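Structure, as C-alpha cells:
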Amino acid sequence: MIELNELTKRYGETVAVDRLSFQVRPGRVTGFLGPNGAGKSTTMRMMLGLDRPTSGEVRFDGRPYARSADPLRHVGALLEAKDVHSGRTAHNHLLWLAQSNRIPRRRVREVLELVGLESVAGRRAGQFSLGMSQRLGVAAALLGDPPVLLFDEPVNGLDPEGIRWIRDLMKELAGEGRTVFVSSHLMSEMALTAEHLIVIGRGRLLADTGMKEFIARNSLTFVRVRTPEPDRMHQVLTERGITVTRAADGALEAVGDQAATIGELAARQGLTVHEVSVQSASLEDAFMRLTEQDVEYRSPVSRTVGQQGERQPTGQGKES
Ligand code: ADP
Ligand code: MG
C-alpha cells in the first residue's frame, strides 16, 4: 500500500501539490484524475523519489521511500516524458536497465514479448512511434516484476488498439495483487479502467471514492421543462419538494427522474408545457463541475471531500 501524508510541493509562488493525503491499495487499479496542471505528474514524481516534497511524505507499506540499489524491483513507473536513450536499441535499453538493477538477462526477452515488441527489439528506440515508445516504457516498468506500478497518462498518443491493450494490462497487473496507480485527465478513460478514483484539482484532493459510487452519485438525471409560465411552474414544483434550477436558455431543470409527476402536476394546475424531457448529465460533466468549482472557489475554507453529488445539474446560482 502507498500512503501519502499531507504531501506538498511548491515551485516558488505555485503550490503544485497542496497537503495531499490518500492511500493507494493493492489488488485494484486506482485512477488519479485531474485537469491539466492539477499536480498529477508532480505527485507521481514525488512518489518515485524523483522530486523532493516541500513538506509531507510518501510511505510504501509503512516505510518512507528510500532509494534502493535496485529500485525497479520495488516500483515500476511509466512517466509522461520519454527517457529512452534514442541511440540504443530497445533490447539494449532494457538490458542496460536490467544490469544496473541486478535483474537477470532473460527477463529482457520476457518483457519484450509481453509488450509485443520482440520483432523490433533490434531497432533504435529513437525511431519508434509514440505508441512503440509507450510499449517500451511499459516493458521497462515491468522489468523488475515490481509489486507497485505507476503510470502517468499512459494512453496519451496511443491508437485505439494500444489504448485497449494498456487498459487490459493494468487490470491484469492489479488482478495479480499489485498496486496499480494510473493518472489521466479524462474521466471517460478512468471510468473504463479504474476501480477506485482519486480526483485532484489545483493540487488539492477533491474526491477519494469507489468508481461505482462516483458514477452512482454523479450520473445525475434531471427533467428539462419548457413552459411559457416558468415562475408558476417553478413554484408548483418547489412546493412538491422537487429541486429546480433554471438553465441558461430559460428552461427549468428538475433534479431526479420525475417526468410523470411533473406532467401530472402541470395538467392539474392547468400549466402549458412545451417540453418535458428526461436528461442525464455525463460523467465527464460531473468531473468538469467538480474541478471547475475548485477553480471558482478560491476561499481557504476546506471542502468536504465526496460531496459532489449534492450539486445541481446546471444553471447554478440562477434559481428564480
Ligand atoms: P499535471 O500532471 O496534473 O498536468 P503537473 O504536476 O505537471 O500537473 O503541474 C502542476 C503545477 O505545477 C502546474 O501549475 C505546473 O506549471 C507546475 N509545475 C510542475 N513542474 C514544475 C517545475 N519543475 N517548475 C515550476 N513549476 C512546475
Ligand atoms: Mg502530467
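Order of listing sets the numbers, starting from 1, for every ligand and every atom in it. Computed from a predicted model, the values in this text were never measured in an experiment.
- Among the backbone and side-chain atoms of S41, an N/O/S atom is found under 2.8 Å from the Mg ion (ligand 2).
- Residue A38 has at least one heavy-atom neighbour below 4.0 Å for each of these atoms of ligand 1: 1 (P), 3 (O), 8 (O).
- In this structure, F22 has its ring center under 6.0 Å from that of F32.
- The closest protein non-hydrogen atom to atom 14 (O) of ligand 1 is T14 CG2, 3.8 Å.
- When hydrogens are left out, the protein atom nearest atom 10 (C) of ligand 1 is G37 O, 3.4 Å; that is the closest non-hydrogen contact.
- Scanning the protein for heavy atoms near atom 23 (N) of ligand 1, the closest one is Y11 CE2, 3.6 Å.
- Below 3.5 Å of separation, one finds no N or O of N36 facing any N or O of ligand 1.
- With hydrophobic clusters built from ILVMFWY side chains whose heavy atoms lie under 4.5 angstrom apart, V108 shares a cluster with W96.
- The two residues V115 and W165 come nearest to each other via the heavy atoms CA-CZ2, 3.6 Å.
- Counting the atoms of ligand 1 from 1 in the order shown, those under 4.0 Å from a heavy atom of S41 are 1 (P), 2 (O), 6 (O), 7 (O).
- What sits closest to atom 6 (O) of ligand 1 on the protein, heavy atoms only, is T42 OG1, 2.5 Å.
- A salt bridge is absent between D145 and R73; no separation between the charged side-chain nitrogens and carboxylate oxygens falls under 4.0 Å.
- Between G201, A16, G39, it is G39 that holds the heavy atom closest to atom 8 (O) of ligand 1.
- For G34, the closest heavy-atom approach to ligand 1 does not fall below 4.0 Å.
- Ion pairing of E110 with R106 is present here, as a side-chain N (NZ or NE/NH1/NH2) and a carboxylate O approach within less than 4.0 Å.
- In this structure, R135 pairs ionically with E161, as a charged nitrogen and a carboxylate oxygen lie closer than 4.0 Å.
- When non-hydrogen atoms are compared, ligand 1 lies under 4.0 Å from the side chain of R45 (C-beta onward) but not from its backbone.
- Counting only heavy atoms, the protein never gets under 4.0 Å from atom 16 (O) of ligand 1.
- Looking at every heavy atom in both residues, P154 comes nearest to S183 through CD-O, 3.6 Å.
- Residue R232 is tested with E229, H234, Q235 for a side chain to side chain donor-acceptor pair (under 3.5 Å); the sole match is E229.
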